[in-house]
Amino acid sequence: MTSKKSRKKPSPKKPPREKTVVKRGSRPASAVRIIRTIDNMRALVREVRLRKRSIALVPTMGFLHEGHLSLIREARRRAKLVVVSIFVNPTQFLPGEDLDRYPRDLPGDRRKVAAAGGDVIFMPEAAEMYPEGFQTFVDVTHVTRDLCGAARPGHFRGVATVVTKLFNIVQPDVALFGEKDYQQLQCVRRLAQDLNLPVQIVGLPTVRETDGLAMSSRNVYLSPEERGQALAISRGLQKARRLFSAGERDSSELTAAVLDILRNQSGLEVEYVTVCHPETLERLPAIDREAVILVAARVGKTRLIDNARLKGTGRR
Ligand code: PAF
């Protein structure tokens, strides 16, 4: 007798349901909207404000690296709309500097902004930011006087002016800057405070290559040999940190140790090594609580800057 038990046919395997959630990091570049005019940027800001959403701004000059991406990721955590401005600002370059050859890569930048979670790239034209007849500048005085301000007169006036304009256009609740450009960060903090701008300024630590070189869009100018020579800067700063941790508080001892490393490096020309107060950037002959040690040097034709915070539990 044959059993009438019907064998259950195996049901055809259902294809896995496609997930509609797009993982951050796999967002296509086209997920990032590009806005090229001030009017269109303002229109979006109005819309977002009507919905009572918060806005974060990451101001950049493009050719983004991991340092910028860490700012964008943090911006994502802090606000609903993340705007990354890409504007190679002519007023912060001195005659003879690299304005014309500053590296650019919009398709690459758009992909990176998408992967880091940014929503919008705002990239106005220089002619719209500085139309004919433009004559109003923002001048932050004390904190920009020394260091890079002395070596690049007018540079911080250009930075302060464009950052103020970007704040006015984008109206961010929070704006994020890297600590690699330490004097710039203090300049922006000062202007936001002095001009009562309703924006929180956030500084994030310098992101480094695995060998210690501080990330910068300008590193692309370095030949392989120069790149090796540039490592003396982070080595020098590490040495200062070690001495500070071991209890050294005399600024001239700390700068001498860094200078010793830099001056022994062929191909590198020191511009300054200075120990300063972390907010006012006034020079400190001795460190009472905390400080920042700042370095600028030329490697070939490329000017590099870097710094290290000196704080914490060092012996006294
Ligand atoms: O750090 C930069 O890239 C620029 O100085 C900034 C802050 C975007 C202003 O042009």
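One-based numbering, in listed order, for ligands and for the atoms of each.
At the shortest separation from atom 9 (C) of ligand 1 among protein heavy atoms lies Gln92 OE1, 3.3 Å. Gln184 OE1, 2.6 Å is the protein heavy atom nearest to atom 5 (O) of ligand 1. Nearest protein heavy-atom neighbour of atom 3 (O) of ligand 1: Met61 CG, 3.5 Å.
Both tests do not hold together for Arg33 against Phe122: distance to the six-membered ring centre under 6.0 Å, angle to the ring axis within 45°.
Residues Arg53 and Lys80 approach most closely at CD-CG, 3.3 Å, considering heavy atoms. Residues Arg189 and Gly203 come closest through the heavy atom pair NH2-N, 3.7 Å.
Between the OG1 atom in Thr206 and the OH atom in Tyr182 there is a gap of 10.0 Å [rounded to 0.5 Å]. In this structure, OG in Ser251 is found 8.0 Å from CD1 in Ile293, a value given to the nearest 0.5 Å.
Residue contact check: Val162 has heavy atoms under 4.0 Å from atoms 9 (C), 10 (O) of ligand 1. With ligand atoms numbered from 1 in the order given, ligand 1 contributes 8 (C) to contacts under 4.0 Å with heavy atoms of Thr60. Which parts of ligand 1 touch Pro59 is read off a 4.0 Å heavy-atom cut-off, strictly below it: atoms 8 (C).
Counting heavy atoms under 4.0 Å from ligand 1, residue Val188 does not touch it at all.
By the 30° and 60° cut-offs, the orientation of the rings of His65 relative to His68 is tilted.
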